[in-house]
Structure formats: structure tokens, C-alpha cells
**Q** 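Below is one structure. I have some questions about it.
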Amino acid sequence: MKSGPKLGTKILLNVLLILYAIFALFPLIWMVILSFKSDAQMYNTMFVFTPTLENYRIVLFTTPYPRYLLDSLIVSGLAVVVSVIVGVPAAYALARYNFRKKEDIAFQILSFKFAPEILVVLPLFMIYQKLRIYDTYFGLIWVYQLISMPLLIWVVRGYFEDISVEIEYAAQVDGYTWWQIFFKNLIPLIKPGLVSAALLAFIFAWNEFTFPLLLAGTNVQPITVAITKFLGTDTAHYGQLAVAAVVSALPAIIFALCIQKHLVRGLSFGAVKG
Amino acid sequence: MARITLENVKKSFGKVKALDGISLDIKDKEFFVLFGPAGAGKTTILNNIAGIQVPDEGLVKFDGQIVNLVDAAHRDTAMVFENYALYPQMTVYDNMASALRSNLYKKDEDYINKRVHEIAKMMSMDYLLERLPSQLSNGQKQRVAMGRALVRMPKVYLMDEPLAHLDAKLRNAMRTELKGIQAQFGTTSVYVTHDFMEALSLADRIAVINEGKVVQIGTGDAIYDLPINEFVATLMGDPEINIIPGKLSKEGSVYKFAMKGSGREYELPVDQDLFAKLDTLGVKNVDLALRPQHLRYSFESKPGYLPCTVYSYESIGNKSVIVAEIGGQQLRMIAPNGLRVKIDQDVYVDLDLSHSLFFDSESKDFMARYNEAEIRRIAEPEEEG
């Protein structure tokens, strides 16, 4: 029964996977290559060129690039922190308690995620102007909840649902308070899901473009918006643009590598449940 | 140690009535068994005693004190959950130590260490202490769940099918062990099971629960020999008790029982008390109930034996069960092992009516039985005085 696929099939599958990997990775590789090319060699070389760090020097030391990076970190990081603080209890409530319209509320939260941003951004722009939170960290962190919170709540909810409620009962009978149970017994059990959901939420927030473009832009400039500045109206410094993109991709990659262990398991487990 | 009283406890989940007016009085140091079919509400009763659930109506009392509003942590109970409810991220040792490390039941680590090892040794699972629950078999998990409760000295042990997932050998050993532990600690215990053998062997008293109601409370003997209705009678015993519908008639001073399936009329052995009781009740349509051990069989025709055919023959280790059939009426009886029995072959059955119980055919309630006074005296010693 369990002989596995035939050799021919195996080879075919691997070839297809390699083709797909090239297709998916090539733009990234191309971006890295570009970042080491000088403007002079930009259009007349392919893979053979004299690598230079000039682009990196210009972007990192002569432009306010580090500040954009910091803005992105602040906004995305705090957005995720807020999502975790609010989302985990919300997920717990949705998983454990029965209340009226529970599924409607859960769906409503999810629907924030699939409404096109452009649809809501104009009214939000007006509201933000009135509330005077336009172009502030607070404003962006708030609006980023539309992106990070639904994901977090839905993944973590699945995890809570997988924990049998008797474990909580057992801990109650053992003499623990609800808070102790929550931190001692539940948080360790949802950790894989929480970590992976938080990371994904961070990446989504980090990559967000529409909201920061329209709801910020002067005081607060996340990297996604700021990169466009390297595309001048008259000249396009592709090398510098590539550097900006490469560096901006780094934090997400670093985080993902750090918690890789949790990531695959975290998302394949519990999260899949409806 | 505590006396636990439930007064008219009701609990619903949505539209489902889980408990419908449960009243129990569990005495101090008693081993009390809640017995009933799946979905009867046994676990819900346990949860209400533990404080995990709060009754919609009615009172839960510990030693006369109403504890409805006391949360689970402060009730000082120890519970064994049917699905074990072990903490997956902790080792067996930490699982067992959990309660003794909480603020409420705190003990120093030396004591915990001693106690956990003592209990682990008793349950022969000391080699498991460093493992995580995911590395245990179901039987081992169940022992850990038991151990976690036993390390404590609570007011009451609540056990929800704690032996259900153990293999037969270990189950018997643990049953003996449990009885010993309870006798030694003298802690009030409430024990849920759907296994009548467990109920009979462990219980000081048994409460039979069905559909959220208490059907009967009594000692094992009382439940087995004087079941309050046919439901209780059929729950206790394996193979199941034979229920034989028929008609009673009186000729002179003698009662006769006409069996419905075969049409055979039996003259009932004389028992003046029984006949007097049947006289007062005056019910004609009755179900006669007879335990399988009181049926005799023969493969040759004998006078007075009822000619039947074999419906099934099943060997269950040290004995076997023959099910005979006559006119749609099945009769279960116990036979020795190693018989050569074919389905549909002839078999002759004799009923030892001097052990029969009588139930009202309509209400299915207990009417009377042979030797009732004598059996009542043995089965209900405390109720006597």
C-alpha cells in the first residue's frame, strides 16, 4: 500500500518544484544583484559586473532611510503588540464562551481583512483629519489593527478551541485563579500559534502601503511609502531603490528565521480548524 | 472529609436538561458511586460538586454549608477527569505537584517530592515521572490523572471514570487499590462509572442516574437484588437479566404465571409473603425477571423444560452465554465453556422461578420478589435500624 510515488513521478515533482522556486526567487535574487551594481553598469550587464557598496553607502548614510526604517518598526511593532494584548483575550472569549451573535462578531472581525483598503481609506482620511490623528504613530497603529488583529484572533482562537476545557477545570480544582491558569497553562499551549500569527501580522503590517500612503506621509513615514522617494521624477536610481528594498525586507526575514521552528507547526495546527 | 448534600439540583445546557432535580446525601467517608448509562448526567453532577459548574436551581452543601457561590478552587476537592486533562506542557511530576504548588494548597517542595514519589510508587508509575503527557499511553495518562488527585488530601475525591481506559488486569488491580486507599484515607469519594462491576465492587452506596434524575439509591446488594424498576434491573449484571412478560392468575391459594412467548403456564413456588403482596397489588400483566444464573438448560428433552432453539452462543472466557429463543422471547443463561452448540439447534430450558422478581408490565416498576424480607434485611442493613 505505502510504496510511495514512482521514481518518474518523483523526478517530475522535483523539477516542477525547482521551476517554481526559480520563478518565485528570481525577482529577489535580481533585486539583490541590482543593489550591488553601479548606475553605469545597471543597463549593460547581467550577472557579470563589478560589485560595489556605493548604493548601500548612499542609502544608509546620506538619506533619512534609517529613520523610515525606525518608523516602520515602531508602527508595525506596536500594532502587533496592541493586537496581541487585545486579540488574545478576544480569541479566548470567542473560543470559550457562548454569547449572542458570537459567530457574527467573529465573521465581522474577519471581514475587516478582506475589505479592500482603498474602499475605506477615503472616509478614514476625513475622520483622521477631524480627530487630528492624521500623520501620527497613534493613527497608523490604530488603522493597522484592521490588518493584524483579524489574523491573530482567528489563529489564536483555533488554538484555544483545541485546548480541552477540562484542563482549565483541572487547574481550577487544583486551586489556581483564572489569571494564573491563563498565564501558566493556556499561554504556553497557544504559544506556537501566537508567535506565528504575531509574526505574520507583523509582516503584513510591515508591507502595508495604502494606509500609510494616504493616512501619513510627513511626520511618520514607513519604509514602504518612503521607498517611492528613490524613484525620482527625472532619474530612477535602481541601485538605491534595490538597496532600500533589500534592507526593508531584512527584519521580516530575520524574525521568520528566528522562529521558523514555530512557524510551520504553528500555522498548520489549530489554525486550519474552522 | 465532608458530607456532601445536593438538594434538588437542576442544570440545563441550552434546551437540554442535564440535571432534573437531583437530590443526594453523601455521607462522610463514604464511597459513593454514580452509575448510569452514557449521557445520564453523572459527569454534570460531579462538575456541580466540584464547582466547575453552578446549578441553575438547588443547593450544593459541604458539611451543611451552602457552597453554591464558592468557586472550584476554594472547595478543596480533587478531581479525576475522564479525558485526563493533564497539563500537556508539564512533566508527570509537575502535573502531580500542580495542586500542592498553588497558593491555596501550598506545601514545601520536600513534602511535595516525598508525596509525589509515594503516590507514584503506589500506582506503579514512578518510572514515568519525568515524561511529558504526550509520551504516555492512555492507561498511563489515566494513572497520572488519578495520581494527581491522590497526592492531595482534599475534602472529597471526585472521580470520573478513572479506570475506564486501563487494561483489564490493571483495572482489577487498581480497583482493589482504590478501595484500599479510600479505606486508609477515609476520604469521602464520589465515583462515576458506567461499569456495573466497578460500581458493585467499590461502592458503599450506589446512585443509579438516568436522564438527569436519580432512579435509585442503595447499597450494591439492594440495587442488584431489589431494583426499583426494570431499567435498573437491566443495567446491573452481565449477561443482562431476563425480562419475561406474561400474565398472573390465581387459582385457589396458588399463583400461576402464563409466559407470553411460549404460552406455557407455570405454577409459582409458594412464598406466602410474595403472594400476599401480589394479592394487594392485584396487577395481572407482569414482567417476570430472572437472572441468567437461575436458568438451567439441557440438550435433551426433560420433563418441565421448555423447548427452545439456540439464538446465539458466545464464549466469554471462563464461561459462555447461551441465548435461547421461544416465540420471540429470548432467554439468556450461563453455561460452561467448550460446549459444541450450533445456532438454531434445540435446547431445553428450565426456569428456577424461586429467584424471580416481578415488575408491573405497564409502569415497569418493581412489585415484589421471592425472599424479599430476607434479602431486604441483608441489602439494607442501616435502613433497618
Side-chain angles (χ1 to χ4, degrees), chain A residues 88 91-105 155-197 259 261-262 264-266 268-271 273, chain B residues 13-14 43-44 46-54 70-90 94-107 112 132-134 141 144-149 151-161:
Chain A
V88 171
Y92 180 82
L94 286 172
R96 277 287 184 265
Y97 299 117
N98 269 318
F99 44 88
R100 279 182 52 220
K101 305 257 177 206
K102 172 171 122 166
E103 288 309 317
D104 291 345
I105 292 172
V155 172
V156 173
R157 179 192 183 187
Y159 270 79
F160 277 127
E161 280 172 351
D162 278 357
I163 303 173
S164 92
V165 69
E166 277 84 8
I167 287 184
E168 285 175 56
Y169 294 163
Q172 281 176 32
V173 171
D174 277 351
Y176 291 96
T177 64
W178 189 84
W179 286 102
Q180 286 169 329
I181 296 169
F182 191 76
F183 286 107
K184 232 180 94 138
N185 282 319
L186 298 182
I187 295 292
L189 292 178
I190 61 158
K191 208 173 84 187
L194 183 60
V195 169
S196 45
I259 55 171
K261 187 181 65 155
H262 290 304
V264 178
R265 204 165 69 97
S268 58
F269 207 85
K273 261 188 61 184
Chain B
F13 300 106
T43 301
T44 312
L46 225 50
N47 286 344
N48 274 287
I49 297 174
I52 291 162
Q53 285 160 358
V54 180
V70 178
D71 65 21
H74 290 84
R75 285 197 192 182
D76 196 8
T77 64
M79 186 154 172
V80 184
F81 291 86
E82 192 182 3
N83 68 354
Y84 329 121
L86 301 177
Y87 311 126
Q89 77 279 23
M90 295 185 197
D94 290 333
N95 261 288
M96 290 175 71
S98 161
L100 300 179
R101 284 174 179 161
S102 72
N103 292 337
L104 276 171
Y105 307 115
K106 207 167 199 64
K107 295 280 196 305
I112 294 175
L132 287 171
S134 56
K141 283 183 194 168
V144 175
M146 283 274 290
R148 184 171 66 183
V151 292
R152 294 200 32 217
M153 305 278 200
K155 282 186 184 150
V156 54
Y157 287 123
L158 304 170
M159 300 185 233
D160 194 353
E161 309 253 8

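Residue numbering restarts at 1 for every chain, and letters A, B, ... go by the order of the sequence lines.
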**Q** Which pair of heavy atoms, one from B/Ala85 and one from A/Ala170, lies closest together, and at what distance?
**A**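 Looking at all heavy atoms of both residues, the shortest contact is O-CB, 3.9 Å.
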
**Q** Tell me, for A/Leu189 versus chain B, whether the close heavy atoms (under 4.5 Å) come from the side chain, the backbone, both or neither.
**A** side chain

**Q** Which bit of A/Glu168 is near chain B, if near means a heavy-atom gap under 4.5 Å: side chain, backbone, both or neither?
**A** neither

**Q** For atom NZ of A/Lys191, is the number of surrounding heavy atoms from other residues, nucleotides or ligands below 6.0 Å larger than 12?
**A**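 Not more than 12 within 6.0 Å, no.
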
**Q** Just wondering, do B/Arg148 and A/Asp174 contact through their side chains at under 4.5 Å, heavy atoms?
**A** yes

**Q** Please answer whether the main-chain N or O of B/Ser98 pairs with a side-chain N or O of A/Tyr176 as donor and acceptor at a distance below 3.5 Å.
**A** yes

**Q** Under 4.5 Å between any side-chain heavy atoms of A/Ile163 and B/Pro88, yes or no?
**A**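 In short, these two side chains do not touch, never coming nearer than 4.5 Å.
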
**Q** Quick one: CD1 on A/Ile181 to OG on B/Ser102, what's the gap to the nearest 0.5 Å?
**A**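 Those atoms lie 10.0 Å apart.
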
**Q** Test side chain to side chain contact (heavy atoms under 4.5 Å, CB included) on B/Asn103 and A/Gln180 and set out the steps.
**A** CA-CA 10 Å; B/Asn103 292 337; A/Gln180 286 169 329; 3.0 Å; yes

**Q** Roughly how far, to the nearest 0.5 Å, is the OH atom of B/Tyr84 from the OG atom of A/Ser164?
**A** 11.5 Å

**Q** Please name the pair of heavy atoms, one in B/Ala73 and one in A/Gly175, separated by the smallest distance, quoted to 0.1 Å.
**A**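 Shortest heavy-atom separation between B/Ala73 and A/Gly175 comes out as CB-CA, 3.7 Å.
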
**Q** Please name the pair of heavy atoms, one in B/Ala78 and one in A/Val173, separated by the smallest distance, quoted to 0.1 Å.
**A**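 Residues B/Ala78 and A/Val173, closest heavy atoms: CA-CG1, 3.9 Å.
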
**Q** Measuring from atom NE2 of B/His74 to atom CD of A/Gln172, what distance do you get when rounded to the nearest 0.5 angstrom?
**A** 11.5 Å

**Q** Which answer fits B/Leu86, side chain, backbone, both or neither, if we ask what part of it has an atom under 4.5 Å from a heavy atom of chain A?
**A** backbone

**Q** So do A/Lys184 and B/Met90 actually touch side chain to side chain, heavy atoms under 4.5 Å?
**A** yes

**Q** Using 0.5 Å steps for rounding, measure from the CG atom of B/Asp71 to the CH2 atom of A/Trp178.
**A**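 Between B/Asp71 CG and A/Trp178 CH2, I get 14.0 Å after rounding to 0.5 Å.
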
**Q** Would you check if the side chain of B/Tyr87 reaches a backbone N or O of A/Ala171 as a donor-acceptor pair within less than 3.5 Å?
**A**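 Side chain of B/Tyr87 to backbone of A/Ala171: a pair is present.
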
